[in-house]
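Here is the structure we will look at, set down as structure tokens.
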Amino acid sequence: MKAKLKPVSTNCYAFTNPESKVEIHVYLSPGLFQDFGEDEAINQLYNASLLPGVVSPVIGMPDIHTGFGLPIGGVMATDYETGVVSAGAVGMDINCGVRLLTTRIDAGEINKEKISKILDAISSRVPSGVGKSSAVKALRKPDLDAVAQIGVEYFVRAGFGRKEDLERIEDRGCIPGGDAAAVPKAARERADQLATIGGGNHFIEIGRVAKVFDQETAERFGLFKDMVYVLIHTGSRGLGHQICTDYSRIMWEHSERNGSKAPVKGLACAPVFSEDGQNYLKAMACAANYAFCNRQLITHFVREAFVEVLKKPESELGLDLLYDVAHNIAKKEKHGGRWLLVHRKGATRALPAGHGDNPPCYRDTGHPAIIPGSMGTASYVLVGLPEIHRTFCSVNHGAGRVMSRKRAKSEFTREQLLEQTKNVVIAASNLKALLDEAPLAYKDIDEVVFTLVDAGLTKPVVKLKPMGVLKGEGDES
DNA sequence: ATGTCC
């Protein structure tokens, strides 16, 4: 499959599926292209290009790697009127995403001991690791109708955050159309994990702004060199996972009934305007809003933890929300004068300056696109440039794996992990359960980010460097 | 990503 990819423009390789006439575009730097071994991920893009109503091109981001159905780092747009929606093309972790908090703290003001104490204070409020449910009993049985229909504002009204937070969340933390009634029972029963991080690549990170690329935009965003930031990366936890699992089955059965089978179960789909398609979108919006609420509640507890440890009022510490953006979601958007359902799976929306879907406070800059790196490595804040229309206004979502979790666990030792993350305080009780998250199991974030910068799609605003990270543990085996 | 195999 890799052999089919021909260079067409800077850092962009392409081929056309002869059967569907849909193009497949993959963004890789020369170095990433040379090392690229994810043949199956390209095959997955090829499969996606065969779905009914897919709009050319199907896109692979520089962090692409094999996933369930559509690869992670994949963008697939379908015609909103005549196309399909695929649960697998959104992914297991519906509205996995990141939010970034700015502060009025200078990196020189907090040493390793303080960072460790803050992470502990967060950890006592926000459980991490696979299977963990909310530390606060009331959050284990949330009003899922309110979460689905009101979203983050529901918790802001209840005292978990500030009113102005809402302006700085994609869709104000409430994707329209959410309906808890469309969430299968098994999934509803797993909605007891608000204010938890989860495992895998999820984290809460404290760091400093290491480099400013675009002074003017950085100032507009309130980002200054050596300013302490907090980065929160998590999603909809077990709820989204169960919705994806259940609807993938429902959609597979739907296509079997209608004789329009997807090439693989992971791309099982239903017409957007079928009952199954509409129900999935209602359930997806519910899980997406749950994920926005999850990050909002975590933000509240992060603010509490900073106040407790640094013994300063919240107003003095800042901890303002810069932005919260999803990277696993399907959204109805207009591109090229046409309404589409853009599936982004491990891809981040990055609307350029002037785009009407930006929140008002970012209308003339373009909203911040927040790109988390792997544990202990840098992250970036970017904005989309006008050329970003080539990817339906999408950029990568992170560094992207180069090694399976299984292989990373056999490849690295605890000592190597510490070496790869030196100078970063790691709050986790069992490092052996984090070996699959070792930085060397991921691509180089600089290389990945600059692949799209050099392609002319984005401009970097700042580079962020971690000082401490709170990680959830997976399995040791 | 995930009560990482109901």
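Naming convention: chains lettered A, B, ... in sequence-line order (proteins, then strands); numbering from 1 in each chain. Just so it is clear, the model here is predicted, and its values are computed rather than measured.
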Taking the inter-plane angle between the rings of Phe160(A) and Phe155(A) on a 0 to 90° scale, is it parallel (under 30°), tilted (30 to 60°) or perpendicular (over 60°)?
perpendicular

Please give, in whole Å, the distance from dT4(B) P to Asn430(A) CG?
17 Å

Please report the distance, rounded to the nearest Å, between CZ in Arg405(A) and P in dT2(B).
9 Å

Euclidean distance, atom CD1 of residue Ile197(A) to atom C1' of dT2(B) [Å, nearest integer]:
16 Å

Regarding Asp165(A) and Arg295(A), does a basic nitrogen lie under 4.0 Å from an acidic carboxylate oxygen?
no

Close side-chain approach of Tyr27(A) and Arg390(A), heavy atoms under 4.5 Å
yes

Protein-nucleotide distance (Asp192(A), atom CG; dT2(B), atom C1'), rounded to Å:
13 Å

Within this structure, what is the CG-to-C1' distance between Leu239(A) and dT2(B), rounded to whole angstrom?
12 Å

Strictly below 4.0 Å: does Arg237(A) bring a side-chain N or O up to OP1 or OP2 of dT2(B)?
yes

Heavy atoms under 4.0 Å, any strand shown: does Gly67(A) hit a base, just sugar-phosphate, or nothing?
nothing

Does NZ or CZ of Lys2(A) come closer than 6.0 Å to the centre of the six-membered ring of Phe33(A), within 45° of the ring's axis?
yes

From CD of Glu437(A) over to P of dT4(B), roughly how many Å is that when rounded to an integer?
17 Å

Contact class for Gln193(A) vs. all strands (heavy atom < 4.0 Å): base, sugar-phosphate, or nothing?
sugar-phosphate

Whole Å only: how far is the CD atom of Gln242(A) from the C1' atom of dT2(B)?
9 Å

Atom NE2 of His233(A) and atom P of dT2(B) are separated, to the nearest Å, by 9 Å

